Protein chains: 2
Amino acid sequence: MGHTRWLNEEEKRAWTAFTTAHALLYRHLEQRLKRDFGLSGLQYEILARLSGAPDRELRMAELACALVNSKSGLTYQIGQMEKAGLVRRRSCPSDERAVYAVLTDEGMALLERAAPGHVGLVRELLIDVLTPDQVRALADGLGEASRRMAAGPGEASPPVADGTTCSGPGPEVAAGLDA
Amino acid sequence: MGHTRWLNEEEKRAWTAFTTAHALLYRHLEQRLKRDFGLSGLQYEILARLSGAPDRELRMAELACALVNSKSGLTYQIGQMEKAGLVRRRSCPSDERAVYAVLTDEGMALLERAAPGHVGLVRELLIDVLTPDQVRALADGLGEASRRMAAGPGEASPPVADGTTCSGPGPEVAAGLDA
DNA sequence: GTTAGGTGATTCAAATTTGAACGCGCCATT
DNA sequence: AATGGCGCGTTCAAATTTGAATCACCTAAC
């Protein structure tokens, strides 16, 4: 391990396109969600994840892991959304430490109103711009990369900075209004 | 335009892989940069962009645009980095309003130390996980998506929330230590 | 039964980000 | 040479994020 293997032109294009596209797209999505529904991107994702979960509820840690967010950050956001009546906290009888975030009917209703426009924008700005081959490449290539990073980075170094290693059912986004 | 065209399974996989991979990857990169060099991801990108610019300097607005960041956010970060001696501000003689952010020798030196590990990680966690075809698909597909979003979103809606429309040379990452 | 080791979630202060408002200099019209 | 429209960078308060404690609780070994 001496001289670094720099990125060639195409790899560089891929890398900048990846980060730039993400930043640009996320900006659009957030803007739209905020303007039309007063939701942040993270809040939308929380609603979406919960909507696709059994009984529309998920434990804080699972949710944090699925969203690739810190636990404390999630605590904050769930607090905000609870104030807004979009979610509710429920403690687990079997494990007194655990807390479930539960999607309320109101939260579900809001998600149902927000989802069409959101998905529409994702489609318009990303999916429909890509060829079917490119869509498959994203799904396969980035899926594989995600899987490896979520598991264990070759040598060491924990991802979440909290003590969590993130295991469980993985990113198997269910059928609902997620995405 | 009535019923939403939802994402099919593969499109959904692509979309979640895209966001998840980005979040995971960015987390790794930030962690490493912070631990080894005390840099945030944004700060690294600022150094990289400046290093690849003519005379190692860029106007605040250009830089903000290239980074897909808000102007005020950049003002803050440049302030931090100036304190740390990594960049310097220079005012433009011909246009008194304009401010250039200039990479200092110290900033350049830090970038040169940080770049190998950073690029190495990008390669290990993303590039080398992908097939050459997938790399090309990212470059082409996401490049096209970025281009469209940077330009004008079909109908309306400004991206940067500031008054900026972001024009100029576009994301043509120069030869240096960027990426 | 108790204790050591973790895990799950929250708390807290500090750092950062956001977006609107501001001040100022450029420039095309009058 | 005045005037108004604008683009540029900064400022400011509020919202959010971060990461290191902290507290409570479960679990397995003593």
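Computed from a predicted structure; not experimentally measured. Lettering follows sequence order; numbering is per chain, from 1.
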Tell me whether the OP1 or OP2 atom of D:dA15 has a side-chain N or O from A:Gln80 closer than 4.0 Å. no
Output the rounded distance in Å from CE (A:Met81) to P (D:dA15). 17 Å
How long is the line joining CG of A:Leu39 and C1' of D:dA15, in whole Å? 15 Å
Check the phosphate of D:dT17 against A:Tyr76, side-chain N and O only, distance under 4.0 Å to OP1 or OP2. Yes or no? no
What is the distance, rounded to the nearest whole Å, between atom CG of A:Asp95 and atom C1' of D:dT27? 11 Å
Sorted by position of nearest nucleotide on DNA chain D, 5' first, the leading residue of B:Ala98 and A:Pro93 is B:Ala98
Whole-Å distance separating the CD1 atom of A:Ile78 from the P atom of C:dT11: 14 Å
I need the CZ-P distance between A:Arg35 and C:dG19, as an integer number of Å. 13 Å
Could you check which of C:dT11, C:dT18, C:dG25 has an atom nearest any side-chain atom of B:Asn69? C:dT18
Find the distance B:Lys71:NZ to C:dT17:P and express it as a whole number of Å. 17 Å
Give the ring-plane orientation class for A:His22 versus B:His22, where under 30° counts as parallel, over 60° as perpendicular and anything between as tilted. parallel
What is the distance, to the nearest angstrom, from the CD atom on A:Gln31 to the P atom on C:dT18? 13 Å
Classify the side chain of A:Ser70 versus the base of D:dG19 as yes if they form a donor-acceptor pair under 3.5 Å and no if they do not. no
Would you state whether a donor and an acceptor, one from the side chain of B:Thr75 and one from the base of D:dG9, lie under 3.5 Å apart? no
Mark yes or no for a side-chain to base donor-acceptor pair under 3.5 Å between B:Arg97 and D:dG9, with no hydrogen or angle criteria applied. no
How long is the line joining CZ of B:Arg89 and C1' of D:dG9, in whole Å? 8 Å
What's the separation between atom CG in B:Leu130 and atom CZ in A:Phe18, rounded to the nearest 0.5 Å? 9.0 Å
When the nearest nucleotide of DNA chain D is assigned to A:Leu42 and to A:Glu96 on a heavy-atom basis, which residue is associated with the more 5' position? A:Leu42
Ignoring backbone atoms, establish whether B:Gln77 has a side-chain N or O less than 4.0 Å from OP1 or OP2 of C:dT17. yes
A:Thr4 side, atom OG1; B:His118 side, atom NE2 - distance, nearest 0.5 Å: 12.0 Å
Of A:Met60 and B:Lys34, whose nearest nucleotide on DNA chain C comes first from the 5' end? A:Met60
Just compare C:dG8, C:dT10, D:dG9 and give me whichever is closest to any side-chain atom of A:Arg59. C:dG8
Less than 4.0 angstrom from a charged side-chain N to a carboxylate O is my criterion; do B:Arg32 and B:Asp36 meet it? yes
Look up atom CG in A:Leu125 and atom OH in A:Tyr26, then write down how far apart they are to the nearest 0.5 Å. 14.5 Å
